[in-house]
**Student:** 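Handing you a structure now.
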There are 2 protein chains.
Amino acid sequence: MLTNGPSLPACGHRNSVVKSPLNRIPLELHTSESIYFKGMCTLAAGTRGPATSIDVAKLAGVSQSAVSRTYTKGASVGAETRARVEAAAAKLGYRPNLIARSLMTRRTNIIGLAVGGLANPFYAAIVEQLSNALQEIGYHVLLFTLTDETDSDELLQQVINLRLDALIMASVSLSSSLASSCQSNGIPVILVNRTTSADGCSSVSTDNEAGATMLAQYVIDAGHSRILYVAGTETTSTNLERERGLTSAIAARDGVAFQRIAGDYDFKTSAQEIAQLLSGSNFVPDAIFCANDFMAFAVMDALRFHHGLRVPQDISVVGFDDSGPASWLSYDLTTYSQPIPQMVEAVISILQAVAQNPDAAPQHVVISGELIIRGSCRGRGDG
Amino acid sequence: MLTNGPSLPACGHRNSVVKSPLNRIPLELHTSESIYFKGMCTLAAGTRGPATSIDVAKLAGVSQSAVSRTYTKGASVGAETRARVEAAAAKLGYRPNLIARSLMTRRTNIIGLAVGGLANPFYAAIVEQLSNALQEIGYHVLLFTLTDETDSDELLQQVINLRLDALIMASVSLSSSLASSCQSNGIPVILVNRTTSADGCSSVSTDNEAGATMLAQYVIDAGHSRILYVAGTETTSTNLERERGLTSAIAARDGVAFQRIAGDYDFKTSAQEIAQLLSGSNFVPDAIFCANDFMAFAVMDALRFHHGLRVPQDISVVGFDDSGPASWLSYDLTTYSQPIPQMVEAVISILQAVAQNPDAAPQHVVISGELIIRGSCRGRGDG
DNA sequence: AAGTCACTTGCATGCGTATGCAACACTGTG
DNA sequence: CACAGTGTTGCATACGCATGCAAGTGACTT
């Protein structure tokens, strides 16, 4: 789909007031003398839309280069010149056209941010904090929300079309074709909360396996011996690592039974699966280890309101992420934290490294979270 | 802040392998014969980064125009030509540079989306669904996350610098200076979940006043007579309208007492304010009307876990929005829905109208939500 | 057979900015 | 006073693509 985008009249040049082709509009129209031509209601820009650096140059009586240099960091401009340019710019309401600038500099200062499932408050928090941080250092953020139907590859090819400076994929897996696509086009890719076997792209993630092990040990230490794992999306690195952490902790102890159901990191799915398991009653868990908080909320609600079970008295529940609602008292969820501020910091750091040297080796940052003990899991002495 | 963006080496031309200035590189470098020059590891594009339409044209043996027309909707290209171009493009991995295209067409196909506070799941849902819809019709979404510290005007001036096709402000108020800025630059502004007195920009919102009245009547009909209003941010249109709806319903009935506290649409603030009120005990409400769901969650938690009150047996709570967690069984919140899909649809419709005719009159769409009766408020017969 | 019309194609130009180069102005040193 | 050095400025060009115009090609009508 290499089309023009939204289907709109292909005419272009919405500013051409007269019918004649643009290249016949006499150059005089560009001068400041024609400001009131046609009596348009906009500011001083006349009929030609926003003022350009040439307009400013003419008004200030300097060259276009001087205007450009005034707004280019590190360029050398005399104080006098700068003042005249700034005065003229203010009068015309001039602002540099970032699109044109990008064409020259080959840098857009736009970072792509792909995310799937903002309904999960943890992802929403990542997006918000990442976006804030990027804005703070002068980047713009182009948001890609991925759904199950969207062909993520197709969509993200646009990253290349737009020549974005980098692509951050938060909680989204990377297809190998996209990875190589970006790589061959020199667009750095940073994975957040995912890892990949594809080399060439950086990643920032939490120590999922160690965290899950720590969490599992806590659960087991509290005296639980029949643990149910509510798995996330099967193919994701987070699910694999967390499950590995859990099962290794279980394997290290005698007499702990393990069962799993598939929650797919989805609220409804988790609720349905837990209901099905409990009605089947083949396996009656005394603790439920959810691959993330979001599913834990669904599970807790199902346990309490559909099955009349008390949490944690009748059954314990733990999650992973420490997302916002985990600390809401209705859930008060024991979980393992993914420290978003640190993850954001790592992303920024990688980004800046890459910006300075596009050929820098990809980095893989693993951040340690911590066990967050709240009330959804019976503690050691509560038995 | 009209600088070059992130502070990076201002050198540019990262592709210039040799030290000589670009304009001395012989034209031959542009031809396909020089593909293997310098043995770069990228695909067939040689040393010059991504392939351009000129590269494709040379390889296909046609003019650059032909390449451009192949990827321009509505342009006329012969089947033979198109085939040759596509073959060449595939071989070179060519993708049209949208930046360059934008410079010509004066349309970026990028929509700005400003939002404040993604922690509120309702806002997160708006962003997700809006973004999905925009992507579906070929737009890109540039996300602006506003915090209390960000100077929204300063930040959003960049909308103009980037020549975005439109700006959508979701749950964010519009400063008049920004409004006029956009207007004078011909950038359409659409407010979602806010209205404004500034003319010139469109808006999409729910019938806040009517909804609040309906909700209030339901609460009163259930027998409540001491209603506490947890206000949202005082200056927002939503808060004003909802409070007006509530107080008018109260005024219409005899013997209903009213009190208010300020929650500022914030989770913690609401919890603190409710605690303070209940400990002061000047006013003991039998129902709490929260200006949005998000605060209602905080309030319910505070009531239940800090004050030992049962909801709805001891006290009723209602919210506004019908955001995701409102249907989570821990809250099971009675609320008034803001139908996001319809709001999104309205935004898209306005956008397309504006795209076809930039001078179209601004539209103000008001959408009807509906009363969502759940379990957080005592019903008529439950007394 | 000449004319008409629809469709393609290439040429040339322009979108708004950044930047290498050369020319210049000015300061301070020997 | 000549000269090197530092800082400014304008000129010209390029970034990659879209598009008006004119020229060209057939097909079809009269």
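From a predicted model like this one, the values you see are computed outputs, not experimental measurements. A note on names: the letters A, B, ... follow the listed sequences, proteins ahead of strands, and every chain is numbered from 1.
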**Student:** Rounded to the nearest Å, what distance is computed from the NZ atom of residue Lys58(B) to the P atom of nucleotide dC17(D)?
**Tutor:** 13 Å

**Student:** Taking OP1 and OP2 of dA18(D), is either one under 4.0 Å from a side-chain nitrogen or oxygen of Ser68(B)?
**Tutor:** yes

**Student:** Of Ser65(B) and Leu103(B), whose closest DNA chain C nucleotide lies nearer the 5' terminus?
**Tutor:** Ser65(B)

**Student:** Looking at residues at least two apart in the chain, or sitting in another chain, which of them share a side-chain hydrogen bond (donor to acceptor under 3.5 Å, both in side chains) with Ser177(B)?
**Tutor:** Asp153(B), Ser175(B)

**Student:** Send over the distance from Arg101(A) CZ to dC15(C) P, rounded to a whole Å.
**Tutor:** 19 Å

**Student:** Whole Å only: how far is the CD1 atom of Ile99(B) from the C1' atom of dA18(C)?
**Tutor:** 15 Å

**Student:** Figure out the OH/C1' separation between Tyr71(B) and dT19(D), and round it to whole Å.
**Tutor:** 18 Å

**Student:** Can you name the salt bridge (charged side-chain N to carboxylate O under 4.0 Å, His left out) partners of Arg163(B), sequence neighbours left out?
**Tutor:** none

**Student:** Which angle, to the nearest 10 degrees, lies between the helix axes at the two ends of the helix from dA1(C)-dT30(D) to dG30(C)-dC1(D), each defined by five pairs?
**Tutor:** 40°

**Student:** With sequence neighbours excluded, tell me which residues meet side-chain hydrogen bond (donor to acceptor under 3.5 Å, both in side chains) with Thr145(B).
**Tutor:** Ser131(A), Asn132(A)

**Student:** If you check every side-chain atom of Met104(B), which of dT9(C), dG10(C), dC17(D) has the closest atom?
**Tutor:** dC17(D)

**Student:** Would you say Asp165(A)'s side chain and Ile111(A)'s backbone share a donor-acceptor pair under 3.5 angstrom?
**Tutor:** no

**Student:** Please determine whether a side-chain nitrogen or oxygen atom of Thr72(A) lies at a distance below 4.0 Å from atom OP1 or OP2 of dA18(C).
**Tutor:** yes

**Student:** Measure from CZ on Arg95(A) to C1' on dG16(C) and round the result to the nearest Å.
**Tutor:** 16 Å

**Student:** For residues Leu98(B) and Asn109(B), determine if any side-chain heavy atom of one lies less than 4.5 Å from a side-chain heavy atom of the other.
**Tutor:** no

**Student:** OP1, OP2 of dC7(C) versus side-chain N and O of Ser76(B): anything below 4.0 Å?
**Tutor:** no

**Student:** Of all heavy-atom pairs between Val354(A) and Pro188(A), which one has the smallest distance, and what is that distance?
**Tutor:** CG1-CG, 3.0 Å

**Student:** Side-chain N or O of Ser63(A) less than 4.0 angstrom from OP1 or OP2 on dT9(D)?
**Tutor:** no

**Student:** Measuring from the side chain of Thr105(B) (C-beta onward, heavy atoms only), which nucleotide among dT19(D), dG16(C), dC17(D) has the closest atom?
**Tutor:** dT19(D)

**Student:** Separation of Ile160(B) atom CD1 from dG16(C) atom C1', in whole Å?
**Tutor:** 17 Å

**Student:** For Arg163(B) and Gly61(B), take the nucleotide of DNA chain C holding the closest heavy atom to each; which residue's nucleotide lies nearer the 5' end?
**Tutor:** Gly61(B)

**Student:** Picking from dT8(C), dG20(D), dT17(C), which would you name as closest to the side chain of Arg69(B)?
**Tutor:** dG20(D)

**Student:** Side-chain N or O of Arg106(A) less than 4.0 angstrom from OP1 or OP2 on dG16(D)?
**Tutor:** yes

**Student:** Going by side-chain hydrogen bond (donor to acceptor under 3.5 Å, both in side chains), name the residues that satisfy it together with Gln64(A), two or more places apart in sequence or in a different chain.
**Tutor:** Ser53(A)

**Student:** When the distance from CD of Glu80(B) to P of dT9(C) is rounded to whole Å, what number comes out?
**Tutor:** 8 Å

**Student:** If you compare every side-chain N and O of Arg82(B) against the phosphate oxygens of dT8(C) (OP1, OP2), does one of them come in below 4.0 Å?
**Tutor:** no

**Student:** Would you please name every residue forming a side-chain hydrogen bond (donor to acceptor under 3.5 Å, both in side chains) with Asn97(A), sequence neighbours left out?
**Tutor:** none

**Student:** Starting from C1' on dT17(C), measure out to CG on Asn109(A) and report it in whole angstrom.
**Tutor:** 14 Å

**Student:** Check the phosphate of dT17(C) against Tyr94(A), side-chain N and O only, distance under 4.0 Å to OP1 or OP2. Yes or no?
**Tutor:** yes

**Student:** For Val62(B), answer base if it contacts any base atom (sugar-phosphate contacts may also be present), sugar-phosphate if it contacts only those atoms, and nothing otherwise; contact means non-hydrogen atoms under 4.0 Å.
**Tutor:** sugar-phosphate

**Student:** What nucleic acid atoms does Val67(A) come within less than 4.0 Å of, heavy atoms only: base, sugar-phosphate, or nothing?
**Tutor:** nothing

